[in-house]
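Below is one structure, written out as C-alpha cells, with a few remarks after it.
As the structure lists them, so they are numbered: ligands from 1, and atoms in each ligand from 1. Just the heavy atoms: all of them, side chains too, but no hydrogens, waters or symmetry mates, feed the values below. By convention here, the first residue in the shown sequence is residue 1.
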Amino acid sequence: MIKVTNLSKKFGDLAVLKGIDFEVKQGEIVVIIGPSGTGKSTLLRCLNYLETPTTGIINIGPVKVDAANASSKSVTQLRQQSSFVFQNYALFANKTALENVAEGLITVWKEPKQQALATSKKILEQVGLGDKINHYPVQLSGGQQQRVGIARAMAAKGEVILFDEPTSALDPEWVDEVLAVMKQLAQGRQTMIVVTHEMQFAREIADKIIFMEQGHIVEQGSAEQMFTAPKSERTRAFLARAT
Ligand code: ADP
Ligand code: MG
C-alpha cells in the first residue's frame with residue numbers, strides 16, 4: 001500500500017536521506033529505529049510532504065508523487081493519505097479536545113460540523129477520553145494530550161498514521177497509557193509507521209523493523225529477526241546500546 005523509491009533529501013549541502021527504499025503493506029506496523037540525527041523524522045515528514053524530498057517517488061494508496069514533477073494537486077492528495085502524531089502533540093491550545101479532533105474533518109474533508117463532532121466524540125471515547133472532550137489542552141496531562149493527538153490522527157481518514165517519537169516528550173508516568181492506545185490501534189490493523197526509542201514496545205508490536213543510520217536503511221526485518229539475529233554489525237551494536 002506504501003512504496004517509497006529512491007527517496008533522498010538534502011538541506012543545502014547536507015544530505016540527510018540518501019536513497020531510501022521500502023514498502024509497507026496494508027495493516028502492517030512498521031517501526032523505524034536508529035541513532036538521533038539519522039534522518040528518521042525527515043523521512044516521516046517527507047512521506048507527508050511536510051518536507052519536500054529532493055528526489056524520489058512516494059506511493060501511498062491510490063496516490064503517487066514523484067519529486068521530479070510533483071504537482072500541488074497531487075501533493076494535497078498525498079497529504080490526505082497520512083496523518084501525523086508529533087512528539088510535542090501540536091494541539092491547538094485554544095480548541096477543546098473535541099474541536100482539535102474535529103478540525104480536520106471540518107476543514108479538510110468538509111464534513112458538516114455536527115457530524116464531525118459526533119465522529120470525533122466516538123474516537124475520543126475509543127482512546128479513553130470520553131469524559132474529557134470539552135477540556136482544553138492545558139487542562140489535560142501530557143498522556144491525555146497525546147491521546148488527543150492520536151485521536152486526531154485516527155479521525156483524519158488517511159491510509160497510514162505516522163508517529164514521530166510519540167512518547168519521548170512524556171513524563172514516564174504517562175508513557176504506558178499512550179503505548180496502550182497505540183497497541184489497540186495496531187490490534188485493529190491500522191497501518192502505522194512508528195519512530196520510537198521504546199525497544200520493548202517495538203518488539204511487541206512491529207511486523208517489520210527498519211534500522212536507519214546516517215540517511216540509509218542499514219537493515220530491515222521482522223522484530224524477531226532484528227532483535228535475535230541482526231545481520232548487520234551496526235544493527236547489533238545499536239540494539240546492544242538501546243536495550
Ligand atoms: P532524527 O529524527 O533521526 O533524529 P532528523 O531527521 O531530525 O533526525 O535530522 C537529520 C539531520 O537533518 C540532522 O542533522 C538535522 O540537523 C538535519 N535537519 C533536520 N531538519 C532540518 C532543517 N529543516 N534544516 C536543516 N537541517 C535539518
Ligand atoms: Mg527525530
Considering non-hydrogen atoms of the protein only, which is the closest contact for [atom], and what is the distance?
{"atom": "atom 7 (O) of ligand 1", "answer": "Ser41 CB, 3.7 Å"}
{"atom": "atom 8 (O) of ligand 1", "answer": "Gly39 N, 3.1 Å"}
{"atom": "atom 5 (P) of ligand 1", "answer": "Thr42 OG1, 3.7 Å"}
{"atom": "atom 12 (O) of ligand 1", "answer": "Val16 CG2, 3.1 Å"}
{"atom": "atom 4 (O) of ligand 1", "answer": "Gly37 N, 2.7 Å"}
{"atom": "atom 24 (N) of ligand 1", "answer": "Phe11 CD2, 3.4 Å"}
{"atom": "atom 15 (C) of ligand 1", "answer": "Leu14 CD2, 4.8 Å"}

* Is Lys64 atom NZ crowded by more than 12 heavy atoms from other residues, nucleotides or ligands, each under 6.0 Å away? ->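 Atom NZ in Lys64 is not packed in, count stays at 12 or less.
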* To do: Find all atoms of ligand 1 within a distance of less than 4.0 Å from any non-hydrogen atom belonging to Ser36, and give their numbers and elements.
  => 4 (O)
* Near Thr38, which atoms of ligand 1 are under 4.0 Å from a heavy atom of that residue? ->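 Near Thr38, the atoms of ligand 1 are 1 (P), 3 (O), 8 (O).
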* Do you reckon Val75 sits in the same ILVMFWY cluster as Leu7, going by side-chain contacts under 4.5 Å, direct or chained? -> yes
* Structure fact -> For Gln146 and Pro166 the tightest heavy-atom approach is NE2-O, 2.9 Å
